[in-house]
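Sequence lines set the chain letters: A, B, ... in the order given, protein chains first and strands last, and positions in each chain run from 1.
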There are 4 protein chains.
Amino acid sequence: MTDTTTGKDARRSIGARRNPDSAEAIREAAEAVLLEHGYPGFTIEAVARRARAGKPTIYRWWPSKAALLLDVYQRQKRDVVYADTGSLENDLFLFLKSLFRQWRETPMGQIFRSIISEAQSDPAAARALAESGRDRRQHTGQLVERARARGEVADDVDPQVVADLAASYAWTHLLTDRLEEDDTELRSAVRYLVRGIRTAGAG
Amino acid sequence: MTDTTTGKDARRSIGARRNPDSAEAIREAAEAVLLEHGYPGFTIEAVARRARAGKPTIYRWWPSKAALLLDVYQRQKRDVVYADTGSLENDLFLFLKSLFRQWRETPMGQIFRSIISEAQSDPAAARALAESGRDRRQHTGQLVERARARGEVADDVDPQVVADLAASYAWTHLLTDRLEEDDTELRSAVRYLVRGIRTAGAG
Amino acid sequence: MTDTTTGKDARRSIGARRNPDSAEAIREAAEAVLLEHGYPGFTIEAVARRARAGKPTIYRWWPSKAALLLDVYQRQKRDVVYADTGSLENDLFLFLKSLFRQWRETPMGQIFRSIISEAQSDPAAARALAESGRDRRQHTGQLVERARARGEVADDVDPQVVADLAASYAWTHLLTDRLEEDDTELRSAVRYLVRGIRTAGAG
Amino acid sequence: MTDTTTGKDARRSIGARRNPDSAEAIREAAEAVLLEHGYPGFTIEAVARRARAGKPTIYRWWPSKAALLLDVYQRQKRDVVYADTGSLENDLFLFLKSLFRQWRETPMGQIFRSIISEAQSDPAAARALAESGRDRRQHTGQLVERARARGEVADDVDPQVVADLAASYAWTHLLTDRLEEDDTELRSAVRYLVRGIRTAGAG
DNA sequence: ACCTAAGCGAGACGGTACGTCTCGTCTTGCG
DNA sequence: CGCAAGACGAGACGTACCGTCTCGCTTAGGT
């Protein structure tokens, strides 16, 4: 895919400091290996082979597989849409739809799945994932706060919890290969979240 | 030469058919290994050692690590509360609270995390997980249908989607070690789902 | 003494090249295992355990059990007597007697038996054995050539064939545990070979 | 009707005594497996599979691989020529030539190689081989005794030793894949043995 | 005509060894 | 000192056989 090694000319040390070419080659190789052979094929050895790098070079800069995985993840662009249509329901729907598409159509989905997997055993990945989750909820929460500011949402609503519910829905669909579903279900989910599922008269 | 008598009362073949004692010993050993050494320590070799079983005996009956994992999971009792308090909000809250507690206090949490992890690379585990998810949503959806029957929930609400939202919330908290949180957040989540997050006058 | 492990200090890699300590430890372990547990106990696993080496380290340098076996064999000293008493009959007798003693009293006998065994199934061992046989016949043939030079042996005699007959006799006695026999039989065999078994007047 | 047989006409027990059909099927399978897959492929499992026999049936009647091997060997016809041409040299040459051909052109060569191999680790095989060797030397020795009777061979010659030398030569050529050599060498070997290798005047 | 006893095919059992893979560490020699 | 290279001890992978065991069935011979 993104193979920069030009045949026989091997990269060498550039002196007593980190060689950015190597770092980049490793990141690229990591991503390529992950996409081509999946998470179980994502081994340090495979990455080193692909990057024409020595294993110690990888271990020197990334203490664990999780670290490399996170690095690859963060290297990806994040052009998820945070549209402002004036309607929270619409905003949330567009956000999730855009996120689903990104996960489907770019390496990010596979990478993120791998990170979640890794986090189940690697505490470092778990920590990183937790932090990234907090950030993400913060971001998504702003959609809700914006809506609250314009009176669309009740004052006592916790934007974090709403963001959590939305993100959870996305995660689960990623992890169970349900990113392909048509919009109806996603729209329903968002509608329930915003309007509730009660009958009009209930409460 | 090859001494097979390892101890005084080793399990033996009971003829040309499966020995249930061995099967059970393996399941027990699998669970114990998983809990003591976590998912990365969950190795066929380790399970075989622990169960005092030969590796081929495991491979004979469980084609993959995933299969064994699922078997161990299904072996667990599922005494999650499906209370019927007359209020869907309350029912859902109690259900999730009970599920959280079970995941926290029994091996099921760790086992289920491992299965989700495994499913990210093993298609068989993925399939089994998908099916189990469908079943679970079916079950949980009955809470919603019950509420709809008594007029608490709008007719056009899809119980599956509601169950999906609730289960997603649970999964994500399991996967990110947030099973310990106090009830407030959980209660909020359920409330938003049932009543919506809009201001009274909105819509 | 075949234990080279110096307590807890494990051998390590010495960089991107073969570690002679490991190689030697493996050779020593191989010999020890072969002598202590015989050919059926001569297992790559057992050698690796004994040498405190990883199996891949063995497979890296010795492609097969046969290769390791041959290496161990060639590592042994070959101080077989090639006396020059002026009498071929005597020379041959002393040579075979010395060879028998070496096979009896040093590991070489057991090792050589194992190699012959291995060569019956492993083509590589068969090739190596064939070559070593040729060399050996060449060597032993020199005894005959020396005798021919001094007129003791007829000109048309093929030293290789004589050496073959002598070596065959030795092999067979090794393979059938008849190294212990008293000298009478051996002396007869050599006498027949040199003088023939005919009556004086025959021909 | 309680026919549980899966095949069309599986062999069954014929009561509380050995079933000769099974025994024969096993012998045949053993020979076939040995010839088709060689000594390393000669496993009890393979023989059982091939013979459509249960492993215990084999172990019941043949305590070891060696026993089965020997049985297969003895099952072969032994039509080695023991010609009586009036010349011992000729008789021995014809005997060895015939033996070489038999080993080359029938399964016996491969089977005998396997037995020698097996005897290097299995004491039972070693014993059987030793005994069979004694018998064989006895037989071959008769050629020499016959010649001695007609005054062709000196009185003090031990026929056993002569037979041993001849058999050793044959064994070694079998074990080192030198059965194909042309007659010249074989003829020389026999000539040296009978006439000696000395110059006419030596002694 | 029943009953016991042993042989039969089948195949599961606890094991060991196979040869390969990856792990994370180590050390070299070049730049 | 960083780098590519790759050897190292360790140990898991999934498979093949080992030799033992039990099953359910078969039949012969003794009762």
Quiz item: Atom CD1 of Ile58(A) to atom C1' of dA5(F): distance rounded to whole Å?
Solution: 13 Å
Quiz item: Hey, is the side chain of Arg49(D) poking within less than 4.0 Å of OP1 or OP2 on dG11(E), counting only N and O atoms?
Solution: no
Quiz item: For Phe112(A), what residues pass the ring-ring contact (aromatic ring centres under 6.0 Å, His included) criterion, not counting sequence neighbours?
Solution: Tyr73(A), Trp103(A), Trp171(A)
Exercise. List the protein contact pattern of nucleotides 1-9 of chain E with one symbol per nucleotide (5' to 3'): B for base contact, S for sugar-phosphate-only contact, - for none; contact means a heavy-atom distance under 4.0 Å.
Key: ----BBBBS
Quiz item: Once you round it to whole Å, what is the distance between C1' of dG15(E) and CD1 of Ile44(B)?
Solution: 16 Å
Self-check item: For Asn19(C), side-chain contact (heavy atoms from CB on, under 4.5 Å) partners two or more places apart
Solution: Ile14(C), Asp21(C), Ser22(C)
Practice problem: Using the test side-chain contact (heavy atoms from CB on, under 4.5 Å), find all partners of Asp71(A) that sit at least two apart in sequence or belong to another chain. | Solution: Arg27(A), Trp62(A)
Quiz prompt | All side-chain contact (heavy atoms from CB on, under 4.5 Å) counterparts of Ala119(A), not counting sequence neighbours | solution = Ala125(A), Ala126(A), Leu129(A)
Quiz item: Mapping Tyr59(D) and Lys55(C) onto DNA chain F by nearest heavy atom, which one lands closer to the 5' end?
Solution: Lys55(C)
Quiz item: Of all residues at least two apart in sequence or in a different chain, which pass the side-chain contact (heavy atoms from CB on, under 4.5 Å) check with Ala16(C)?
Solution: none
Practice problem: Nearest whole angstrom, please: distance from the C1' of dC13(E) to the CD of Glu45(D). | Solution: 12 Å
Quiz prompt | Test: Glu36(A) and Arg50(A) ion pair at under 4.0 Å | solution = yes
